[in-house]
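Here the structure is laid out as structure tokens; the discussion comes afterwards.
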Amino acid sequence: MSEFWSKFKNSIRSEFNSGNPWIHSGVFVFVLTLLCLLTNTSLHVMGVDISEFISLFYGLIPLLLRDLGGVFASSYAFFVGAAILFLGPDFSEWKKGKKIRIYKIYLILFSVLFFLFCGSVSEYPQVYGEFFYYRHSWAIGFLYFITDHFSPFFFKSVLFLFLVVQVVRTGLSFWKSKFYESLIRYSVFIILFYSFHLLGSAWGILTASAFYSFDIRFSRSKKDLVFVAVVLIGFGFSFFTKTRNGSSVSKEALEYSSNTNVLIISADSIRQDQLGFVKGEKDKTPNIDRLASESLVLLDHHSTIPRTFPSWADFLSGKYSFEHGIQDMFPDKEDRSKLGNTIATLPGILGKSHKTFVVSSFAGDIFPRANWGFQNVYAPNFSAETLTQQRTIESQVFFLPVLTGTFFGGGEYLSSIRSLPSLGDDSRILPDLFSVFDKKDRPFFALYFSSVTHFPYSPPYPFYKNTDRHYYGPSKYFRFVDPSNSEKPDKKEQEQIRSIYSASLTAFDFSVGKILEELKRRKLYDDTLIILTSDHGESLFEEDHSHGHGEHLRGEGVTKIPLIIKFPKSFERKEVRNFKGITSSLDVFPTILSVLGISSENLSLRGKDLTRLPKEETWTEDRSVYSETGIWFSDRGDHFFQKDRIRYPNILELHSIDPNDGNSVTVSDPYAKETVLFSKHRMLQTRTKKLIYIPSPNGVLYTCYDRISDPWNTNPLPASSCGDLQRKLELLLIGSGKWKKAGDYFLPKAEL
């Protein structure tokens, strides 16, 4: 045994001294991984310090170690392949037995990493926000220097020229030496390396690098055959792990009566009043404005709940949260059980006649977590495993440039990169949507949900340049929301936050333009019902409303969202107009069914069919629509909504991880769930008035506001001014059969 280890050590020492790129790339990646682990590990999650809850993460250590191993393996595969490519003729000489000077390997690897890092920082500075602002603030000047003076194209061009020079040198050396077989193998290696890089397959890159490095031939020995078998298994595994989350289509789905496509274009947290045609700013959202000019525009449209999961559940079921069961962002298995089963969904119904798709990035992590009825889901998941992989990815900052596609594009080596909150660039997911347009055997129903406008706001280059170039502060590229911090930033900081949000909206508008252009290019535009909307709005420091969404219902910022409906040419209603009557997100469900000629009589939908609007600019009756708050993530801060609310613990104390439900992060304790529901603020509003129901420890408070003269709700009226709305709210809740009254409080009824 000692002789074996002696030979092994001598062999390793010999390979190390010869400049073996496989060994030195491993050393390079290992050292960087360790350094990043020691210097970049942070207890900030989306900008919020969670250090006091660190004990909650002890149970996740096995997942963290597994993810760290995954990052190491993926980064090692990439940098081995990169070393082989960029070493050029030196690598081919090493294969013949000559040494490579060790310093040259590390110089090349560091150079490649430097240009990749700078290019990625220039394109996605918000991805590196925590690195520069929370961990290494001493280097913040470098961040500003890169983004102020360089475009991503500069660094990519330098890297490309370096690569071309090395590839050409290698190719010429083979050609001059008449090593034509080696030239062919080298060419195949380049093609395979880049193809597997685009797929994000670490297995594939290792396979391609091994074939080229060791001149594996199929006819040499049994060892070669075993090697090839292992490679093929790895190759197949790499493709298996890249398959989409889809489902087969039933035979009955092949029968359909409508050729009309349905496309819902949406982005998280869009405020209706921020669109260009509403603000009177022509250059802000020109593509959305152009769509609006050809469409029915609902000017007083509202979300039922300013939280993503329950909002989309309301939208896609046509029912309120207390009817379908998903009432917060962390529903457990029981809460999700009705959706798509006893509660019909829009994609479930349309799946009988259409191919159904949803495409999203991190804000759409809700879609794999419930039975929405989509046949194809192109969106990340959310679980304890997702969270640990995210934290690992963010700490291993040297591999982020590869994951963000700075090396001339690139696939998702690690699945959680799509769920990274600071990487909401639409260009990464638009190809998934465009692939939907290729499915021509049946019409499609597609939901596209962008994350670029969700905090921390992630406008890529060049959109983040649309902000104040003289501003240098913590909100220059992004803005996290800390629900426990009630301190209001100064006016300059507030303006920058609004500016970076606006830049994100412009980035989304650019994507809308590309989507519409693609529809027209494929001659699908005229046959497609296009709906542009959002799940909820966003408070941006108006009055005392703070920042974010879901915590309160004051003002017009959190529930008032856009609704633009472009009807297909075949639909007999072709009138383009602006409608000022109040509408709800529940109205979209019956409207889509009406356009497609599908009856909704047996579905007991709550909304109105917007294809049957009155000829006037508003409703003939005084219509009211309902909204409610989401779960409060924090029990701290001096916000107005914290003072009168019924308190429950911080979300980190409420949640649990269910290993029998894919390690889902849920609020599953029955008492906690009931408390969350009991404590919600609830609202009913008409075109002119708003009533907010606030259960407090000292009794129920009703606040009434005039929406016309007091849109930001700073001057409450006597509660009697909204007496009719108070009666309607009680009729709505009690009449649903889901609520009962205890004094003035509404209490959720226990399910039988």
Side-chain angles (χ1 to χ4, degrees), residues 243-266 309 311-319 323-326 331 336-360 364-381 429 432-449 515 519 524 527-531 533 535 565 568 570-571 585-607 609 611:
T243 56
R244 305 290 192 185
N245 179 9
S247 62
S248 60
V249 183
S250 63
K251 290 183 179 179
E252 66 175 340
L254 297 177
E255 300 178 2
Y256 59 91
S257 57
S258 174
N259 289 319
T260 300
N261 303 304
V262 181
L263 175 61
I264 299 172
I265 305 174
S266 181
F309 206 148
S311 174
W312 277 115
D314 288 8
F315 183 101
L316 292 172
S317 71
K319 297 183 181 298
E323 294 176 302
H324 57 65
I326 295 177
R336 307 191 307 264
S337 63
K338 292 182 182 178
L339 198 70
N341 295 309
T342 57
I343 300 292
T345 64
L346 189 58
I349 293 171
L350 296 188
K352 297 177 181 179
S353 58
H354 292 63
K355 287 189 174 180
T356 58
F357 301 80
V358 60
V359 176
S360 185
D365 60 18
I366 65 168
F367 292 112
R369 294 157 60 192
N371 180 23
W372 304 92
F374 288 106
Q375 297 157 359
N376 300 273
V377 178
Y378 300 168
N381 205 340
I429 60 173
D432 289 335
L433 179 65
F434 295 159
S435 71
V436 172
F437 300 161
D438 291 327
K439 322 290 185 184
K440 295 181 179 179
D441 57 323
R442 290 191 298 133
F444 63 78
F445 168 73
L447 168 56
Y448 178 82
F449 186 41
I515 293 170
L519 286 171
L524 295 170
D527 295 326
T528 302
L529 169 64
I530 301 174
I531 296 172
T533 189
D535 54 343
I565 304 175
S570 59
F571 188 61
S585 55
L586 298 191
D587 297 335
V588 180
F589 195 130
T591 302
I592 291 176
L593 294 185
S594 178
V595 173
L596 298 180
I598 300 174
S599 173
S600 60
E601 289 182 5
N602 299 324
L603 296 174
S604 302
L605 299 177
R606 292 282 189 174
D609 178 0
T611 66

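- Using a 4.5 Å cut-off on side-chain heavy atoms (C-beta onward), Thr260 and Pro443 make no contact.
- Residues Ser360 and Pro380 come closest through the heavy atom pair O-CD, 3.7 Å.
- In this structure, the side chain of Thr345 engages the main chain of Trp372 through a donor-acceptor pair within 3.5 Å.
- Taking 4.0 Å as the cut-off between side-chain N and carboxylate O, Lys338 and Glu323 do not count as a salt-bridged pair.
- Using a 4.5 Å cut-off on side-chain heavy atoms (C-beta onward), Leu346 and Leu593 make contact.
- What you find for Ser435 and Tyr378 is that their closest heavy atoms are OG-CE1, 4.0 Å.
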### Message
Show, in sequence, the C-alpha distance, side-chain angles and deciding distance for Thr591 and Thr611, and conclude whether the side-chain hydrogen bond (donor to acceptor under 3.5 Å, both in side chains) test is met.
### Response
CA-CA 6 Å; Thr591 302; Thr611 66; over 6 Å; no
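- Tyr448 is listed as a side-chain neighbour of Ile429, based on a closest heavy-atom distance under 4.5 Å.
- Listed for the Arg336 side chain is a donor-acceptor partner under 3.5 Å among the backbone atoms of Pro331.
- Note on ring orientation: taking the six-membered ring where Trp is involved, the planes of Phe434 and Phe437 are tilted (angle from 30° to 60°).
- Smallest separation of non-hydrogen atoms from Thr356 and Gln375: OG1-N, 2.8 Å.
- By the 30° and 60° cut-offs, the orientation of the rings of Phe374 relative to Phe445 is parallel.
- If you take CD1 on Ile515 and CD1 on Ile530, they are separated by 9.0 Å, rounding to the nearest 0.5 Å.
- A donor-acceptor contact shorter than 3.5 Å is absent between the side chain of Asp587 and the backbone of Gly607.
- With rounding to the nearest 0.5 angstrom, the CG atom of Asn376 is 4.5 Å from the CZ atom of Phe357.
- Atom CD1 of residue Ile343 and atom OG of residue Ser337 lie 9.5 Å apart, to the nearest 0.5 angstrom.
- Counting heavy atoms from C-beta outward, Val359 and Asp432 have side chains that approach closer than 4.5 Å.
- When all heavy atoms of Arg442 and Ser353 are compared, the pair lying nearest together is NH1-C, 3.5 Å.
- You'll find the side chain of Val358 stays beyond 4.5 Å of the side chain of Trp312, heavy atoms only.
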### Query
Step by step, would you call Val588 with Thr533 a side chain to side chain contact (heavy atoms under 4.5 Å, CB included)?
CA-CA 10 Å; Val588 180; Thr533 189; 5.8 Å; no
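- Counting non-hydrogen atoms of other residues, nucleotides and ligands closer than 6.0 Å to CG of Asn602 gives a total of 12 or fewer.
- In this structure, the side chains of Pro568 and Asp527 stay at 4.5 Å or more apart for every pair of heavy atoms.
- Note that CG of Leu433 and CD1 of Ile265 are 7.5 Å apart. Values are rounded to the nearest 0.5 Å.
- The two residues Phe309 and Ala370 have their closest heavy-atom pair at CZ-CB, 4.1 Å.
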### Query
What do the steps show when you test Asp365 against Asn381 for side chain to side chain contact (heavy atoms under 4.5 Å, CB included), and what is the final call?
CA-CA 5 Å; Asp365 60 18; Asn381 205 340; 5.8 Å; no
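- The NE2 atom of His354 sits 12.5 Å away from atom CD1 of Ile349, with the distance rounded to the nearest 0.5 Å.
- Side chains of Asp314 and His324 form a contact here, defined as non-hydrogen atoms less than 4.5 Å apart.
- Here the closest heavy-atom approach between residue Phe315 and residue Ser585 is recorded as CD1-O, 3.8 Å.
- Here the side chains of Ile264 and Ile592 are in contact, with some heavy-atom distance below 4.5 Å.
- From Leu263, atom CG reaches atom CG of Leu524 across 10.0 Å, with rounding to the nearest 0.5 Å.
- A side-chain donor-acceptor contact under 3.5 Å links Lys319 to the backbone of Ser604.
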